[in-house]
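What follows is a set of notes on a single structure, which appears directly below.
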Amino acid sequence: MLLKLTSLEQVQKRVGKLPAPRDLKVIDHIDEHARRWLSYTRFGFFGFGNDGQIQLSAAGGGDGFVSVLDARHLLIPLSALDTGTIVENGLSFGALFIVSGMDETLRVNGTVVNVADGLLSLEVEECYLHCAKAFRRSNFWAPRSFERSNDAVSEYIQQATFLALATINSSGQADVSPKGDPENFLIQEEEGIIYLADRPGNRRIDSFRNIIEQPKVSIIAMVPGCKDILVLRGTAALCTDEGLLQRFTVQGKEPLIVTKINPSAMQIKSSIALTKSALWPSQMAPKDLIPSEIFKSHIKQSKENSIQAKIARAAVSLPGAMEKGLALDYKKNMY
């Protein structure tokens with residue numbers, strides 16, 4: 001029998017405590033940095049959910065296909081979504097926005113306020129930059145090829161190096177998180193069950209927190225460079241069985257947790273969003289998107305008022321401190 005984590009306390013003990021307050025780098029609006037990020041965005045993922053259900057769609061277009069109406073509202077054409085039929089007024093959403101050539105991603109969460117006239121209106125409640133680890137582990141900007149065969153799903157799972165994981169908590173708030181790993185170490189299949197390794201990240205444990213509260217998940221896995229995606233929905237559990245962990249060992253390091261998913265639906269499909277976005281070959285990263293400056297700005301804007309938060313704000317204000325901290329984290333904590 002697999003060893004499972006069933007409480008937030010067990011998860012936190014397993015992955016370690018946050019080095020700073022959980023929402024230290026989270027703001028509740030689209031600031032100038034996020035607005036600039038969205039102006040370059042040509043691809044992303046949107047999770048929509050409510051009442052214990054979550055669905056995920058890829059979305060894409062030209063640069064800036066997401067419009068910023070004001071600091072709290074976004075506007076997106078429904079035609080940008082691969083699956084626009086999953087959207088309804090009042091659903092919560094979690095979004096992950098990708099800029100060509102950038103390893104970081106922008107995460108935005110909130111509520112669908114209107115779906116009309118082919119447009120999707122969103123109200124922003126959370127906005128923050130996600131670190132570069134998932135993209136670097138997946139080597140996302142190095143395109144590969146995939147040709148369908150009679151055993152296409154199994155082969156795709158072996159070759160996938162990046163995925164977006166959509167979860168939802170018991171309050172109905174959706175979240176989309178990026179995951180990346182080398183081929184055959186991101187996800188594995190055994191007797192119809194899917195296993196997903198978790199690697200060091202920001203330790204906010206949003207996905208784990210949500211799975212414990214509400215285990216329904218939705219996943220889109222990718223082989224970078226391929227226009228086909230693997231879409232998966234199912235029920236998840238968090239496992240720490242030593243045999244499972246060993247199967248996902250990379251650079252001599254095991255993951256701390258493996259997510260087990262019992263699929264209710266799983267298929268490979270062509271993504272119109274990926275075709276529209278033309279992600280590969282990647283462009284040069286925009287010079288006016290500087291991750292360390294975005295992290296620093298969001299930390300300073302955060303409404304966290306604890307002593308820890310004040311100390312962190314003072315620390316990141318030191319010249320070069322954020323840049324050095326990120327470089328050290330990427331060097332020491334990739335696995």
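Note that the coordinates shown come from a computational prediction; the quantities given were computed from them, not determined experimentally.
I290 and L326 fall into different hydrophobic clusters, where Ile, Leu, Val, Met, Phe, Trp and Tyr are joined by side-chain heavy atoms under 4.5 Å apart, directly or via other members. Taken together through direct or relayed side-chain contacts under 4.5 Å among Ile, Leu, Val, Met, Phe, Trp and Tyr, L74 and I27 form parts of separate hydrophobic clusters. Hydrophobic clustering (ILVMFWY, side-chain heavy atoms < 4.5 Å, transitive): I54 and I86 are in distinct clusters. Clustering ILVMFWY residues whenever any of their side-chain heavy atoms sit less than 4.5 angstrom apart, transitively, puts L196 in the very cluster that holds I157. V87 and V113 fall into different hydrophobic clusters, defined by Ile, Leu, Val, Met, Phe, Trp and Tyr side-chain heavy atoms under 4.5 Å apart, directly or through other members.
Between F140 and F135, the ring-plane angle classifies as tilted under the 30° and 60° cut-offs.
When side chains are defined from C-beta on, H33 does not count as touching L106, because their heavy atoms never get closer than 4.5 Å. Taking the side chain as every heavy atom from C-beta outward, E213 and S171 never approach each other to under 4.5 Å. Contact check for I205 versus Q12: side-chain heavy atoms found under the 4.5 Å cut-off. Counting heavy atoms from C-beta outward, N114 and N89 have side chains that approach closer than 4.5 Å. By the 4.5 Å heavy-atom criterion applied to side chains, Q283 and Y40 are not counted as neighbours. Taking the side chain as every heavy atom from C-beta outward, L163 and L186 approach each other to under 4.5 Å. Within the 4.5 Å cutoff, the side chain of D206 has no heavy atoms near those of the E126 side chain. Two residues are said to be in side-chain contact when any heavy atoms from C-beta on lie closer than 4.5 Å; D181 and R199 meet this criterion.
Not a single donor-acceptor pair under 3.5 Å links the side chain of R35 to the backbone N or O of I30. Between the side chain of Q10 and the backbone N or O of T6, at least one donor-acceptor pair lies under 3.5 Å. Side chain of S57 to backbone of D82: a donor-acceptor contact under 3.5 angstrom is found. Judged by distance alone, the side chain of R42 and the main-chain N or O of F65 form no donor-acceptor pair under 3.5 Å. The backbone N or O of G180 lies less than 3.5 Å from no partner atom in the side chain of S138, so there is not a single donor-acceptor pair. In terms of modelled atom types and a separation under 3.5 Å, the side chain of R233 and the main chain of S264 share no donor-acceptor contact. A donor-acceptor pair under 3.5 Å is absent between the side-chain atoms of Y195 and the main chain of L244, judged by distance alone. Side chain of K25 to main chain of L129: a donor-acceptor pair is present (N/O by atom type, distance under 3.5 Å, no hydrogens or angles). Distance alone, capped at 3.5 Å, is enough to place a donor-acceptor pair between the S271 side chain and the L274 backbone. Using modelled atom types, no side-chain atom of Y128 and backbone atom of L24 make a donor-acceptor pair closer than 3.5 Å.
In the displayed structure, D70 atom CG is contacted under 6.0 Å by more than 12 heavy atoms of other residues, nucleotides or ligands. Open room surrounds NZ on K324; 12 or fewer heavy atoms of other groups in view lie less than 6.0 Å from it. At most 12 heavy atoms of other shown residues, nucleotides or ligands fall within 6.0 angstrom of atom CD1 in I307. Residue K269 qualifies as enclosed at atom NZ: its count of foreign heavy atoms under 6.0 Å is above 12. Atom CD1 of I272 has 12 or fewer neighbouring heavy atoms from other residues, nucleotides or ligands inside a 6.0 Å radius.
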| field | Verdict with reasoning, E293 to K296, per salt bridge (Lys or Arg N to Asp or Glu O under 4.0 Å) | value | CA-CA 5 Å; E293 292 300 317; K296 188 187 305 183; 3.4 Å; yes

Test log, rule side chain to side chain contact (heavy atoms under 4.5 Å, CB included), inputs D198 and F248: CA-CA 9 Å; D198 190 80; F248 288 94; over 6 Å; no

**OP:** Check the pair M102, S282 against side chain to side chain contact (heavy atoms under 4.5 Å, CB included), reporting the backbone distance first and the verdict last.
**Re:** CA-CA 9 Å; M102 298 293 296; S282 65; over 6 Å; no

task = Could you go through the side-chain hydrogen bond (donor to acceptor under 3.5 Å, both in side chains) check for R144 and Q159 one step at a time?
result = CA-CA 9 Å; R144 293 177 286 282; Q159 295 181 40; over 6 Å; no

Item to complete: Evaluate the criterion ring-ring contact (aromatic ring centres under 6.0 Å, His included) for residue pair F97 and F46; output intermediate values, then yes/no.
Response: CA-CA 9 Å; F97 295 111; F46 285 85; 5.5 Å; yes

Going through the distances and angles, do M322 and I299 end up as a side chain to side chain contact (heavy atoms under 4.5 Å, CB included)? CA-CA 11 Å; M322 178 60 73; I299 288 171; 3.6 Å; yes

- Task: Could you walk me through whether F208 and R14 pass side chain to side chain contact (heavy atoms under 4.5 Å, CB included), step by step?
- Result: CA-CA 11 Å; F208 293 157; R14 185 78 181 174; over 6 Å; no

Evaluate the side-chain hydrogen bond (donor to acceptor under 3.5 Å, both in side chains) criterion for residues T235 and K216: first the C-alpha distance (whole Å), next the side-chain angles of each, then the deciding distance (0.1 Å), finally the verdict. CA-CA 5 Å; T235 303; K216 299 294 184 183; 3.3 Å; yes

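Screening L5, I168, V11, T167 against I211 for a side-chain contact (heavy atoms from CB on, under 4.5 Å) leaves a single residue, T167.
Note that CD of E323 is 11.0 Å distant from CG of L318, once rounded to the nearest 0.5 Å. For the atom pair N109 CG and L96 CG, the distance stands at 10.0 Å (nearest 0.5 Å). Considering CE of M334 and NZ of K332, their distance stands at 13.0 Å, rounded to 0.5 Å. Here the NZ atom belonging to K227 is positioned 10.5 Å from the OG atom belonging to S270, to the nearest 0.5 angstrom. One distance of note links CD of E254 with CD of E242; it measures 4.5 Å at 0.5 Å rounding. We find the CG-CG distance between L256 and L238 to be 12.0 Å, quoted to the nearest 0.5 Å.
A salt bridge between R36 and E32 is present, with a side-chain N of the basic residue lying under 4.0 Å from a carboxylate O of the acidic one.
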